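Since the structure is predicted, the reported quantities are computational estimates derived from the model, not experimental observations.
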Amino acid sequence: MKEMFMPLKVSATALEAQKIRMNVIASNIANVNSTRTPEGGPYKRRDVLFESYMFDESSVGVNIPKIVEDQRPFKMVYDPSHPDANKDGYVSYPNINTIEETVNLISATRAYEANLTLINSYKEMFMKTLDITKA
């Protein structure tokens with residue numbers, strides 16, 4: 001009986017992982033112009049690391065062990081009137097590419113939808129099985 005719901009548990013881990021990924025992407029897009037952070041300096045783009053783990057010998061779930069900061073350099077824009085401009089007039093903006101974030105968001109959304117479809121299909125199959133056993 002325990003294995004009967006394993007596909008739902010596996011997909012639930014994927015839904016949670018994709019939800020966290022979408023939250024990180026939303027933070028990146030929201031901070032595309034943030035030149036100040038509590039840590040100092042501009043906002044650093046973040047990304048999630050995915051890790052698989054075994055439920056049993058046939059089922060593998062998804063885990064996010066940590067969220068990492070992107071080490072790519074900041075974008076330097078010449079704007080001497082900006083309050084965060086350096087002595088040469090350049091402002092450091094976050095290392096975020098909104099096109100890349102949009103593509104990542106579409107990918108996360110599709111993975112989320114695929115897992116949701118799997119859960120709904122499994123639920124439908126399970127209900128039909130119950131109907132068959134009633135007869």
**Report entry** D131 and T129: side chain donor to acceptor below 3.5 Å
**Finding:** no

Query raised in the report: If two hydrophobic side chains count as joined below 4.5 Å and joins carry through other members, does L8 share a cluster with M125?
Result: yes

Query raised in the report: Is E39 salt-bridged to K44, going by a charged N under 4.0 Å from an acidic O?
Result: no

Query raised in the report: Which pair of non-hydrogen atoms, one from A17 and one from I64, has the smallest distance, and what is that distance?
Result: O-CD1, 3.4 Å

Query raised in the report: Got a second to check how far N104's CG is from I99's CD1, nearest 0.5 Å?
Result: 12.0 Å

Query raised in the report: At their closest point, which heavy atom of P94 faces which heavy atom of S34, and how far apart are they?
Result: CG-O, 3.2 Å

Query raised in the report: Should the pair F126 and F5 be assigned to parallel (<30°), tilted (30 to 60°) or perpendicular (>60°) ring geometry?
Result: tilted

Query raised in the report: Taking the side chain as C-beta and beyond, is there a heavy-atom pair between P42 and K75 under 4.5 Å?
Result: no

Report task. Grab the two heavy atoms, one from N31 and one from I96, that are nearest each other, plus how far apart they are. Result -> O-CD1, 3.9 Å

Query raised in the report: Closest heavy-atom contact between T13 and V62?
Result: OG1-N, 3.1 Å

**Report entry** Candidate pair D56 and S59, rule side chain to side chain donor-acceptor pair (under 3.5 Å), full reasoning
**Finding:** CA-CA 5 Å; D56 57 26; S59 303; 3.3 Å; yes

Query raised in the report: Less than 4.5 Å apart, any side-chain heavy atom of E124 and any of N120?
Result: no

Query raised in the report: Salt bridge between E51 and K66, side-chain N to carboxylate O under 4.0 Å?
Result: no

Query raised in the report: Would you say L118 and V60 are hydrophobically clustered, going by side-chain heavy atoms of ILVMFWY under 4.5 Å?
Result: no

Query - Path from F50 to I67 over hydrophobic side-chain contacts below 4.5 Å - result: yes

Requested in this report: Answer whether the closest heavy-atom distance between the side chains of V24 and D47 falls below 4.5 Å.
Outcome: no

**Report entry** Side chain proximity check, Y112 to R21, heavy atoms < 4.5 angstrom
**Finding:** no

Query raised in the report: Does the side chain of N33 reach to within under 4.5 Å of the side chain of Y93, using non-hydrogen atoms?
Result: yes

Query raised in the report: Is the closest basic N to carboxylate O distance between K19 and E16 below 4.0 Å?
Result: yes

Requested in this report: Could you tell me whether L130 atom CG has more than 12 heavy atoms of other residues or ligands within 6.0 Å of it?
Outcome: yes

Query raised in the report: Can you name the closest pair of heavy atoms from P65 and L49 and give their distance?
Result: CD-O, 3.1 Å

Requested in this report: Tell me, yes or no, whether the heavy-atom count around M54 atom CE, taken from other residues, nucleotides or ligands under 6.0 Å, exceeds 12.
Outcome: yes

**Report entry** Within 6.0 Å of OH in Y90, more than 12 heavy atoms from elsewhere
**Finding:** no

Query raised in the report: Atom CD in E113, atom CD in Q18: separation rounded to 0.5 Å?
Result: 11.0 Å

**Report entry** Which atom of N115 lies closest to which atom of S11, heavy atoms considered
**Finding:** OD1-OG, 3.5 Å

Requested in this report: With rounding to the nearest 0.5 Å, note down the distance linking CZ in R36 to OG in S92.
Outcome: 12.5 Å

Report task. Would you indicate whether the side-chain heavy atoms of V91 and M76 approach each other to under 4.5 Å? Result -> no

Query raised in the report: What do the steps show when you test D70 against R46 for salt bridge (Lys or Arg N to Asp or Glu O under 4.0 Å), and what is the final call?
Result: CA-CA 6 Å; D70 193 332; R46 295 186 172 110; over 6 Å; no

**Report entry** Heavy-atom side-chain proximity of Y122 to M4 below 4.5 angstrom
**Finding:** yes

**Report entry** side-chain contact (heavy atoms from CB on, under 4.5 Å) between M22 and L105, worked out
**Finding:** CA-CA 6 Å; M22 284 191 264; L105 183 60; 3.9 Å; yes

Requested in this report: Run the numbers on R72 and R45 for side-chain contact (heavy atoms from CB on, under 4.5 Å), then give the verdict.
Outcome: CA-CA 9 Å; R72 287 184 278 187; R45 181 185 176 274; 3.8 Å; yes

Query raised in the report: How about Y43 and N28: does a side-chain donor come under 3.5 Å of a side-chain acceptor?
Result: yes

Requested in this report: Using a 4.5 Å cut-off on heavy atoms from C-beta on, say whether the side chain of L15 contacts that of L116.
Outcome: yes

Report task. Check the pair S81 / D79 against side chain to side chain donor-acceptor pair (under 3.5 Å), numbers first and verdict last. Result -> CA-CA 5 Å; S81 64; D79 185 4; 2.8 Å; yes

